[in-house]
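Note sheet for the following structure.
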2 protein chains.
Amino acid sequence: MRSIHDPRYHLITAALKEIREKKGLTQDELAANLGKKQSYVSKAEGNERRLDLLELSEWLIGLGITLKDFLQNIGWLSEELSVAVPIKGQASQQGKDVVQKMLLQGKSYDVVLKNVALDKYLEVEEFISNKFLALNEPKNKQKNREAIFEAIEFAVKKLPKLNPSDIYVHLVYRAYIRDYKRTRAEQSWVRAGGEAMEIFVEKHYSKLLAAEGITIKALLSGAEKAKALKEMGLEGVVGDSKLDIALYGTHKGKQVIFGGIHSKASLAERVSDDVPCSVAMMGLGLQSILLTFDAKSYPPPQGNLVTIGEFGTTDNPSDKRHYIESHGSFDVCFSYNLHTYPSKLPTKSGKQIYVSDFGPDDPLPQFIIDGWKAFKAKL
Amino acid sequence: MRSIHDPRYHLITAALKEIREKKGLTQDELAANLGKKQSYVSKAEGNERRLDLLELSEWLIGLGITLKDFLQNIGWLSEELSVAVPIKGQASQQGKDVVQKMLLQGKSYDVVLKNVALDKYLEVEEFISNKFLALNEPKNKQKNREAIFEAIEFAVKKLPKLNPSDIYVHLVYRAYIRDYKRTRAEQSWVRAGGEAMEIFVEKHYSKLLAAEGITIKALLSGAEKAKALKEMGLEGVVGDSKLDIALYGTHKGKQVIFGGIHSKASLAERVSDDVPCSVAMMGLGLQSILLTFDAKSYPPPQGNLVTIGEFGTTDNPSDKRHYIESHGSFDVCFSYNLHTYPSKLPTKSGKQIYVSDFGPDDPLPQFIIDGWKAFKAKL
DNA sequence: TCGACCGGTCG
DNA sequence: GCGACCGGTCG
């Protein structure tokens, strides 16, 4: 069989045509880029003329995309991505859920996103993908953390019933890994994803808390962190303390710091980073909140990509659960992962894990408001 | 110009021929794999017949290599490795030093390895590369951490004057990134590299310390860690404590734990993980040592790949220096990075940073021996 | 098993 | 300039 009649070859030419059209190029314009006549483009796209490797390579240069991206686009390099990423446009509705197709080392895995309508999902998928692809543009001026924040915000708004941890991991993180190309996507995610979470928390709660005279402020710079810690009287007290988000109340016309939020996408051993600061805060009567997406899923072959989190169950608790329930190293923990098991009361330390989403029943704002009231009463 | 006459195309066919010959396949055998006649192979290799992408893809399957490996082989995908890796066999002697050629996103960067002879360097490069390539074999039975340990041990033995931090980062880590393919090399490194360091510390010092009746033991499993912490009386005392290496002395025929080593390849914010445990140990009169490769180098374009470390200078100290010199969160810190600035005495806390290599002047063993003597005197 | 390992990033 | 962000790994 001549490969010009092979359906797999047609996939290649179809992809070339699709890319050309997406870039808004006519056959004439592409031909000009390639130094050829329009008929060359027309014949090749119409499978009347076979492209060899060098011609393909030049064609891709004319289209302004790399060979690697093209091969990934047609799925020939899929084996190199060994972090699971969603395949765009391949999700399907299954009852009240959406099944997301994930690609990992050439194999496809299903991830179920509960309580999601396909059209909304696809809208979010498109929005997020465009945000992250835009970061690749040389002329891009947006900060990575801003783009990720906007992705989270959009998804939370459009898919209010979906597990926030799934939004963070499967919709946002995995799309970032798939679409962000400027630097090493995973390390870039580390840098930008965590801060995006802090920004989201600030923006999401600021309006509601402002109504109670409370200001919530993400501490993005070292200077901001240091200032907040100094205001709490924790300057240099516990080594170099760490705090992600500061909480201020208004008292006699002044902003008074009364607590803070430690924010972690996932906990790992890193939760212990925050313990000394948290314990010191609590010792001073300041509110210390641990907020997490509890975003841990195990990829195949060990796991199944479900965001099971790291707290274990109440009967079979993990070390991290002990930080809250036994040691009481934080005043409270809010997990935005619906798979997390909330604390069974009473706990040994009196501190507990709440499980929440960002909807109207989210208990976090009231917890902060109560904290401020208690703090103010002692001023 | 017909691309069949393009010299770039000849590079492709030449590479195909070379791979076939390296695999010990005849034209006949390859043709059989492809379901074609020998003349098809002959004509394609001889540039009498043009291969398109599909044919190439099938050809590569017939050769048993992946498209990705092939494209990397001919240099078409070289831009994808965006962690700097050494180019094998490209190092050169420059006075008493070796200049290592590093590849990062298609550009070459020089890294100077001081006090190294080229022949020794090449011997180490070869040894390490073979170790890591062997990990890719499906029949491989060696643990990753063991292979990395052996790489460090061999390099330290062969290149005793070379900065240990450079050994860890430039000889071992970067070779691992280049050669390890089974899973995601960087994440695998995280898992295995840190434990390899602990094993190395145990093995390197065990003989010397055994002569003084001291046992040094890497705590590789959670059970071992928990046992050691319990022996120290730190079970559950400071949340869930962390310790990497335990130190035992012999007293009245019994093994008595008298301290431990916190081991970190690089510090980042993670040094604070170990602070609560260290402080608790010191509070009980147990010796708490921080041992690090201080392995931080900034890749281009920001940095120049030199392992500058994270302690800053004594005049312009970083936060991490304060953990030792100001807060005294550890009894002592040993940095195996010759770029680290040792403490200027006296320090605020009385605790100090030593800079060392693994040679005969390494002060660590004596520090441990003195620690044991002081501990024993109080028993 | 489910824990803790670490470094490129980018602000 | 230099800090802290996090998740695949594999034992």
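Since the structure is predicted, the reported quantities are computational estimates derived from the model, not experimental observations. Each chain gets a letter, A, B and so on, in the order the sequences are listed, and its residues count up from 1.
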Measure [atom1]/[X] against [atom2]/[N] and give the value in whole Å, please.
X: A:D294; N: C:dG3; atom1: CG; atom2: C1'; value: 14 Å
X: B:I152; N: C:dC5; atom1: CD1; atom2: C1'; value: 13 Å
X: B:I148; N: C:dC5; atom1: CD1; atom2: P; value: 15 Å
X: A:I177; N: D:dC5; atom1: CD1; atom2: C1'; value: 14 Å
X: B:L267; N: C:dC5; atom1: CG; atom2: C1'; value: 14 Å
X: A:E310; N: C:dG3; atom1: CD; atom2: C1'; value: 9 Å
X: A:Y323; N: C:dC2; atom1: OH; atom2: P; value: 18 Å
X: B:K320; N: D:dC2; atom1: NZ; atom2: P; value: 10 Å

**OP:** With heavy atoms under 4.0 Å as the rule, sort B:D244 into base, sugar-phosphate or nothing.
**Re:**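 Sugar-phosphate contact only - B:D244 comes under 4.0 Å of backbone atoms but never of a base.
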Original post:
What is the nucleic acid contact for B:N316, judged by heavy atoms within less than 4.0 Å: base, sugar-phosphate only, or nothing?
Top reply: sugar-phosphate
I'd like to check the side chain to side chain donor-acceptor pair (under 3.5 Å) partners of [X]; sequence neighbours left out, ordered by chain and number.
X: A:K101; answer: A:D110
X: A:S165; answer: none
X: A:R174; answer: A:H170, A:S297

Original post:
For A:R270, which residues count as a salt bridge (Lys or Arg N to Asp or Glu O under 4.0 Å) partner, sequence neighbours excluded?
Top reply: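 With sequence neighbours excluded, A:R270 shows a salt bridge (Lys or Arg N to Asp or Glu O under 4.0 Å) to no residue whatsoever.
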Original post:
Can you name the salt bridge (Lys or Arg N to Asp or Glu O under 4.0 Å) partners of B:E269, sequence neighbours left out?
Top reply: none
**OP:** For nucleotides 6-11 of chain D, just jot down a letter per nucleotide in 5' to 3' order: B, S or -, based on protein non-hydrogen atoms under 4.0 Å.
**Re:** BBBBBB
**OP:** Using a strict 4.0 Å threshold on nitrogen-to-oxygen distance, state whether B:K217 and B:E224 make a salt bridge.
**Re:** yes
